[in-house]
Number of protein chains: 2
Amino acid sequence: MEATLDNLKSILAASNYKLTAQRKIILQILINNKGEHLSAEEVYNIVKTEDPGIGLATVYRTLELFCELGIIQQLTFDENCRRYELETGEEHHHHLVCSKCGKVIEFNDEVLEEFESELEKRHSFKVTEHKIKFYGYCEDCQ
Amino acid sequence: MEATLDNLKSILAASNYKLTAQRKIILQILINNKGEHLSAEEVYNIVKTEDPGIGLATVYRTLELFCELGIIQQLTFDENCRRYELETGEEHHHHLVCSKCGKVIEFNDEVLEEFESELEKRHSFKVTEHKIKFYGYCEDCQ
DNA sequence: ATGTGTGCAAAAGCTTTGCATGGAC
DNA sequence: GTCCATGCAAAGCTTTTGCACACAT
């Protein structure tokens, strides 16, 4: 189920968590930045403009909670911090990362799904998730 | 060029770096653990058994240098530390990561190479490297 | 009323850096 | 002899944790 401001309360309640102003604001920001890959620090800086009193720890705790609830997904680029993006319920997508300007292009492809099935058979491995990143140069940077 | 204890000196010299006992020991350890995915801390602990006086900073600096020289490759699993593996000059390989026991199975496939070409055309993106990880459950953990 | 959630500050990792000494060339 | 490399310790970053107070249910 894709998270919205309207169903956040029920998503939280389903796991015995409470709806708080901070959680609402953070989800709002993630929705506003759908498609972005924000770090905790970046979320914190945006939240502060709406709720200057919020603590950084709360942002970390909320992002962790949202991950656990499947509202967002944690990404692993080769950087020194973790980034998060909204889980949209749409098809899985993957990333093309430009080594020069850092631009991230998203893509998805059914070829990968077939490849995955083949892989499962060959290695007796049950795939639950995949993360694929291609690094190189985007159109502008080549 | 695949790094060995014999050609390390020329690899370093080619970029105006010196051959030191510490750099030799660290390469030795990476070679002994070919196929492993070691963190800086783990390399440090192994090195200390041969050279108790070595500093952790030296290990970090050496791993960074080896990355720059293409001797090793930095990996990004979803953990809190960076891991490194020897660059073998063989075909690129990718990882199946077991979510339960943490086992890492390596694979490579020519299907991916084709897929990559297609992707380059479609997104006007020049791919220089790819990292692919599938998460799930290995044979033992299913 | 109860127990979860928050803010603050301190602590805990991992990694980097400054500086004086030591070693490769 | 020169300059790079090292060891040590301190600092830097991101992230986590402990605790008292506040708030959602």
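Every heavy atom of this structure was used, including side-chain atoms; hydrogens, water molecules and symmetry mates were not. Letters A, B, ... are given to chains in the order of the sequence lines, protein chains preceding strands, and every chain is numbered from 1.
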Nucleotide [N], atom [atom2] - distance to [atom1] of [X] in whole Å:
{"X": "A:Glu41", "N": "D:dC13", "atom1": "CD", "atom2": "C1'", "result": "9 Å"}
{"X": "A:Leu12", "N": "C:dT6", "atom1": "CG", "atom2": "C1'", "result": "15 Å"}
{"X": "B:Lys9", "N": "C:dA24", "atom1": "NZ", "atom2": "P", "result": "10 Å"}

Heavy atoms only, 4.0 Å cut-off, all strands: where does B:Ile54 land among base, sugar-phosphate and nothing? sugar-phosphate

Residues from residues 16-32 of chain A lying under 4.0 Å of DNA chain C - heavy atoms: A:Tyr17, A:Lys18, A:Thr20, A:Gln22, A:Arg23

Residues of residues 42-53 of chain A with a heavy atom under 4.0 Å from any atom of DNA chain C, listed by number, are A:Gly53

Hey, can you pull the residues of residues 58-68 of chain B with a non-hydrogen atom under 4.0 angstrom from DNA chain D? B:Thr58, B:Arg61

If each end axis of the helix from C:dA1-D:dT25 to C:dC25-D:dG1 is fitted on five C1' pair positions, the angle between them, to 10 degrees, is 40°

Would you name the heavy atoms of [X] and [Y] that are closest together and state the gap between them?
{"X": "B:Ser15", "Y": "B:Leu69", "value": "OG-CD2, 3.6 Å"}
{"X": "A:Ile25", "Y": "A:Val47", "value": "CG2-CG1, 3.8 Å"}
{"X": "B:Leu5", "Y": "B:Ile31", "value": "N-CD1, 4.3 Å"}

Tell me whether B:Asn7 contacts the main-chain N or O of B:Ala3 through its side chain, where contact means a donor paired with an acceptor under 3.5 Å. no

Point-to-point distance, once rounded to the nearest 0.5 Å, from [atom1] of [X] to [atom2] of [Y]:
{"X": "B:Ser39", "Y": "B:Arg82", "atom1": "OG", "atom2": "CZ", "value": "12.0 Å"}
{"X": "B:His37", "Y": "B:Gln73", "atom1": "NE2", "atom2": "CD", "value": "9.5 Å"}
{"X": "B:Leu27", "Y": "B:Thr4", "atom1": "CG", "atom2": "OG1", "value": "7.5 Å"}

A side-chain contact here means heavy atoms from C-beta on lying under 4.5 Å apart; do [X] and [Y] qualify?
{"X": "B:Ile46", "Y": "B:Asn33", "answer": "yes"}
{"X": "B:Leu30", "Y": "B:Ile71", "answer": "no"}
{"X": "A:Tyr84", "Y": "A:Leu38", "answer": "no"}

Contact under 4.0 Å: B:Arg82 side-chain N or O vs C:dT16 OP1/OP2: yes

B:Glu85: partners by salt bridge (Lys or Arg N to Asp or Glu O under 4.0 Å), with sequence neighbours left out: none

Please list all pairs passing the side-chain hydrogen bond (donor to acceptor under 3.5 Å, both in side chains) test where one or both residues lie in residues 43-64 of chain B, with sequence neighbours left out. none

Among residues two or more places apart or on two chains, list those pairs meeting side-chain hydrogen bond (donor to acceptor under 3.5 Å, both in side chains) that have a residue in residues 16-28 of chain A. A:Tyr17-A:Glu68, A:Gln28-A:Asn32

Show me the protein contacts with nucleotides 20-22 of chain D, counting only N or O atoms at under 3.5 Å.
none

Using 4.0 Å as the upper bound for N to carboxylate O, is an ion pair formed by A:Glu41 and A:Arg83? no

